[in-house]
Amino acid sequence: MKNILQDLNKAFENKVRLGIMSALVVNDSLNFNNLKELLGVTDGNLASHMKSLEKSEYVHVKKEFLNRKPNTQYSATTAGKEAFIKHIKAIEQLLKH
Amino acid sequence: MEKQKYLDDLQDIKTIMERSSRFISLSGMSGVIAGVLALLGAYSAYQAVYENQNYLSYRRASITSESLITLLAIASGVLILSLLAGILLTRNKARKTNQKLWDSQSQRLLINLFIPLAVGGILCLILLSKGFIGLIAPLTLVFYGLALINASKYTLSEIRSLGIIEVALGLIGCQFVGYGLILWALGFGILHIIYGIVMHVKYDS
């Protein structure tokens with residue numbers, strides 16, 4: 001039981017961060033607006049949660065320009081995908097008990 | 001209590017994965033309409049090819065350049081009307097589910113649908129110009145089926161089995177060329193109606 005709780009990742013306790021990771025593991029990359037619409041959150045909310053995922057190095061950020069407008073693409077890093085899968089497995093284990 | 005939170009989390013994860021990777025607003029009713037149009041088209045094509053022939057003796061499929069134009073007109077009519085119905089009904093459904101009709105999911109769906117479809121379309125035009133008319137109806141089924149299989153990763157998963165059946169019907173049609181039109185009516189008409197109804201019942205409520 002103790003081990004399972006250790007595998008639960010604090011970074012994914014929050015709904016928005018959980019949502020961001022869910023979307024990024026099944027897509028190569030998504031931009032800020034895609035994610036905002038998908039999750040139905042405000043700019044500020046999404047940006048702050050994204051910052052924290054960036055800090056944990058779970059998300060890779062690529063800034064580019066599309067028709068001279070800034071377009072930020074987000075993708076999950078390998079570490080991020082692994083951590084996320086571990087988190088889901090821990091939840092599944094927990095639900096079995 | 002704790003458990004409920006994690007159950008909710010798993011549900012959220014699943015919903016977001018689906019919504020972000022698949023275009024799920026496809027309307028089942030548009031499949032039914034496309035099927036009915038295809039049956040009407042197949043019937044008028046049958047009339048155009050076999051007109052004025054005795055039903056009791058062996059019949060020849062005669063395709064003159066005149067009836068060829070009629071056939072092409074029927075085919076493009078069916079295609080355009082089906083696409084229009086599909087776009088309109090899917091737009092309505094997308095509005096209801098708060099999904100956009102033109103977003104990265106639907107774009108990805110269409111691109112993956114159109115690559116095999118365009119290849120098949122060009123091949124059929126080449127065959128047409130060389131006079132291999134019998135293979136065109138079954139080949140449209142084969143390539144349409146491949147297009148559906150390819151696109152099924154990006155939309156409702158039922159589309160995949162529909163694609164596999166279309167390919168099988170097409171291959172049978174290539175072997176038994178005389179049944180091309182009947183198989184075509186089966187694949188584009190009856191199957192669309194059946195799948196449309198199933199998907200309408202399952203998703204359009």
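The sequence lines fix the lettering, A, B, ..., with proteins before strands; numbering per chain opens at 1.
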Using a 6.0 Å cut-off, check whether atom [atom1] of [X] has over 12 heavy atoms from anything other than its own residue.
X: A/Phe32; atom1: CZ; result: yes
X: A/Glu57; atom1: CD; result: no
X: B/Lys153; atom1: NZ; result: yes

Distance (rounded to the nearest 0.5 Å) between [X] [atom1] and [Y] [atom2]:
X: A/His87; Y: B/Tyr6; atom1: NE2; atom2: OH; value: 6.5 Å
X: A/Asn27; Y: B/Ser20; atom1: CG; atom2: OG; value: 4.5 Å
X: A/Lys15; Y: B/Lys5; atom1: NZ; atom2: NZ; value: 6.0 Å
X: A/Leu18; Y: B/Asp12; atom1: CG; atom2: CG; value: 6.5 Å

TODO: Could you list which of residues 155-172 of chain B have a heavy atom closer than 4.5 Å to any heavy atom of chain A, in residue-number order?
DONE: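 Interface residues of residues 155-172 of chain B: none, nothing closer than 4.5 Å to chain A.
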
Task: Segment of B/Ile13 engaging chain A (4.5 angstrom heavy-atom cut-off) - done: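 When you check distances to chain A, atoms from both the backbone and side chain of B/Ile13 fall under 4.5 Å.
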
Task: Segment of A/Leu39 engaging chain B (4.5 angstrom heavy-atom cut-off) - done: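 Contact with chain B is through the side chain of A/Leu39 alone.
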
- [ ] Over all heavy atoms of both residues, which pair between A/Glu37 and B/Arg19 is shortest? Give the atoms and the distance, please.
- [x]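 Closest pair (atom of A/Glu37, atom of B/Arg19, distance): O-NH2, 4.1 Å.
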
TODO: Please name the pair of heavy atoms, one in B/Ile16 and one in A/Ser22, separated by the smallest distance, quoted to 0.1 Å.
DONE: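 Looking at all heavy atoms of both residues, the closest pair is CG2-CB, 3.9 Å.
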
